[in-house]
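These notes concern the structure reproduced below.
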Amino acid sequence: MSDTATRPVRARRIHFNYPEGGLERHYVQGDLVMSHVLAYLSSTFPEGEDFFVRSVRHYADQVTDPVLKDQVKGFIGQEVTHSREHVALNERLEQMGYPTRYNDRFTARSLRWDERRFSPLTCLAMTAALEHFTAVFAESLLGDEDAQALLGSTEVRKMLLWHAYEESEHRAVAFDVYRTVGGSERRRIWTMRMVTLTFFGSIVAFTTLSMLRDRATYNPVRLFGSLWRLRRSPFLKRSVLQRFRKYNTVGFHPNDVDNTALLERWQPELFGETGQLAHNMADGPVSAYRGEGGRDR
């Protein structure tokens with residue numbers, strides 16, 4: 001196995017604070033559209049991460065490889081923490097006028113409906129597909145200074161860099177569990193095509209609904225300026241879109257793109273003694289599972 005395949009996945013104890021008045025209304029460098037896009041994505045993470053945990057845990061007992069078993073434990077611990085921290089951010093965004101509570105409830109209903117409609121194996125394939133999206137976005141953030149510049153110097157920046165690092169770190173875990181339990185290439189690729197439509201469709205639909213509640217949307221200069229900048233977003237570069245599409249090729253694996261250098265660069269910058277997250281980190285292990293779905297209850 002390669003070093004990438006055997007890399008440990010570690011759950012870290014961490015906490016972020018969003019004091020009242022600590023964020024501007026349009027917290028992504030004043031950009032209207034991107035502020036609403038990120039608020040929508042954040043609103044889906046608590047229930048989405050819980051869904052990922054349930055999908056992987058369903059098959060955890062069938063994983064016999066000791067390396068992958070340890071990675072599954074780390075994956076669950078990381079996703080538990082992601083869910084909790086996005087709950088805190090979403091509450092702050094709700095207070096700022098973003099409809100994160102509504103989006104959270106809608107996401108919960110949608111994912112529960114998916115679990116009733118689809119088999120556990122297809123739900124695992126959905127998890128692997130969505131983990132690919134988050135990993136590509138994460139590595140675009142970590143590897144592109146223009147993307148990092150969008151986040152300014154707020155607590156949101158630190159939180160998203162941490163989340164991006166761990167998404168990149170565990171990007172192959174759900175995929176490897178899917179392969180281990182006999183998931184086919186046909187199901188994997190078909191599921192990704194379905195997920196692509198719903199993922200990007202939901203971003204457009206819910207971002208639009210969110211923006212309609214924002215008075216700044218009705219300022220044509222703000223709106224069209226933001227839409228113009230979106231066309232040049234570092235997250236929509238051709239190289240990023242090509243990485244998304246790679247998933248649909250037979251024989252694809254998330255580790256086809258080596259992220260070792262990227263993680264080695266960011267590890268001390270984020271988690272070192274003088275790293276950006278030094279004051280956010282806490283000692284002690286993370287519980288691997290907290291109630292149904294992985295959230296504190």
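Heavy-atom basis, side chains included; hydrogens, waters and symmetry copies ignored.
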* Would you please classify the geometry between the His36 ring and the His26 ring as parallel, tilted or perpendicular, with 30° and 60° separating the classes? => tilted

* Assign the ring pair Phe235 / Phe137 to parallel, tilted or perpendicular, where the plane angle (0 to 90°) is split at 30° and 60°. => perpendicular

Indicate if [X] and [Y] have the same hydrophobic cluster label, given that clusters are the connected sets of ILVMFWY residues with side-chain heavy-atom separations under 4.5 angstrom.
X      : Y      : answer
Ile189 : Phe133 : no
Leu89  : Met281 : yes
Val204 : Phe244 : no

From [X] atom [atom1] to [Y] atom [atom2], the distance as rounded to the nearest 0.5 Å:
X      : Y      : atom1 : atom2 : result
Glu79  : Phe51  : CD    : CZ    : 12.0 Å
Asp70  : Arg7   : CG    : CZ    : 15.0 Å
Leu236 : Leu241 : CG    : CG    : 6.0 Å
Asp144 : Leu141 : CG    : CG    : 8.5 Å
Arg215 : Asn219 : CZ    : CG    : 10.5 Å
Glu49  : Phe75  : CD    : CZ    : 7.5 Å

Is there a side-chain contact between [X] and [Y] in this structure, where contact means two heavy atoms from C-beta onward sitting under 4.5 Å apart?
X      : Y      : answer
Asn280 : Asn17  : no
Leu130 : Thr134 : no
Thr196 : Met192 : yes
Trp190 : Ser184 : no
Asp65  : Thr180 : no
Phe206 : Pro99  : no
Leu161 : Gln276 : yes
Met126 : Met194 : yes

* Would the number of heavy atoms belonging to other residues, nucleotides or ligands and lying under 6.0 Å from CD of Glu24 be above 12? -> no

* Asked: Got a sec: does the CD of Gln242 have more than 12 other heavy atoms crowding it under 6.0 Å?
  -> yes

* Does the ring-ring contact (aromatic ring centres under 6.0 Å, His included) test come out yes or no for Phe175 and His132, once each step is laid out? -> CA-CA 9 Å; Phe175 189 100; His132 178 64; 8.7 Å; no

Mark yes or no for whether [X], through its side chain, and [Y], through its backbone, hold a donor-acceptor pair below 3.5 Å.
X      : Y      : result
Ser83  : Val80  : no
Thr217 : Asp214 : yes
Tyr178 : Ala128 : no
Ser226 : Arg222 : no
Gln78  : Arg10  : yes
Ser168 : Tyr165 : no
Tyr218 : Leu212 : yes

* Please step through ring-ring contact (aromatic ring centres under 6.0 Å, His included) for the pair Phe45 and His82, ending with a clear verdict. => CA-CA 8 Å; Phe45 278 124; His82 296 175; 8.0 Å; no

Taking all atoms of both residues into account, what is the closest heavy-atom pair of [X] and [Y], and its distance?
X      : Y      : value
Arg157 : Gln148 : NH1-O, 2.9 Å
Pro234 : Val240 : O-CG2, 3.7 Å
Ala11  : Gly74  : CB-O, 4.2 Å
Gly152 : Gln29  : CA-OE1, 3.5 Å
Ala39  : Thr100 : O-CG2, 4.0 Å
Glu167 : Ala138 : CB-CB, 4.0 Å

* Asked: Just one of Thr122, Asp114, Thr127 clears the side-chain hydrogen bond (donor to acceptor under 3.5 Å, both in side chains) bar with Ser55, so which one?
  -> Thr127

* Asked: When His163 is tested against each of Lys158, His86, Glu85 for side-chain hydrogen bond (donor to acceptor under 3.5 Å, both in side chains), which residue passes?
  -> His86

* Given side chain to side chain contact (heavy atoms under 4.5 Å, CB included), test Arg105 with Glu47 step by step and report yes or no. => CA-CA 8 Å; Arg105 292 193 297 269; Glu47 291 293 341; over 6 Å; no

* Pi-cation contact, Tyr98 with Arg25 (under 6.0 Å, within 45°) -> yes

* To do: Quick one: do Ser43 and Tyr102 satisfy side chain to side chain donor-acceptor pair (under 3.5 Å)? Show the steps, please.
  => CA-CA 9 Å; Ser43 72; Tyr102 172 82; over 6 Å; no

* Asked: Who are the salt bridge (charged side-chain N to carboxylate O under 4.0 Å, His left out) partners of Glu139, not counting sequence neighbours?
  -> Arg171, Arg243

* To do: Apply salt bridge (charged side-chain N to carboxylate O under 4.0 Å, His left out) to Glu185 and list each qualifying residue two or more places apart in sequence or on a separate chain.
  => Arg188

* Evaluate the criterion side chain to side chain contact (heavy atoms under 4.5 Å, CB included) for residue pair Phe106 and Ser110; output intermediate values, then yes/no. => CA-CA 6 Å; Phe106 184 89; Ser110 298; 3.3 Å; yes

* To do: Begin from the C-alpha positions of Phe271 and Trp266 and carry the test side chain to side chain contact (heavy atoms under 4.5 Å, CB included) through to its verdict.
  => CA-CA 8 Å; Phe271 307 112; Trp266 279 97; over 6 Å; no

* Going through the checks in order, is the side chain to side chain contact (heavy atoms under 4.5 Å, CB included) test met by Thr81 and Arg12? -> CA-CA 8 Å; Thr81 311; Arg12 300 168 179 87; over 6 Å; no

* Going by atom types alone, do Glu169 and Asn259 pair a side-chain donor with an acceptor below 3.5 Å? -> no

* To do: Take Phe16 and Trp162, measure what ring-ring contact (aromatic ring centres under 6.0 Å, His included) needs, and give me the verdict at the end.
  => CA-CA 10 Å; Phe16 299 90; Trp162 157 74; 5.4 Å; yes

Hey, is [X] close enough to [Y] for a salt bridge, meaning N to O under 4.0 Å?
X      : Y      : answer
Arg232 : Asp146 : no
Arg101 : Glu91  : yes
Asp256 : Lys246 : no

* With sequence neighbours excluded, residues passing side chain to side chain donor-acceptor pair (under 3.5 Å) with Asn90 -> Ser42

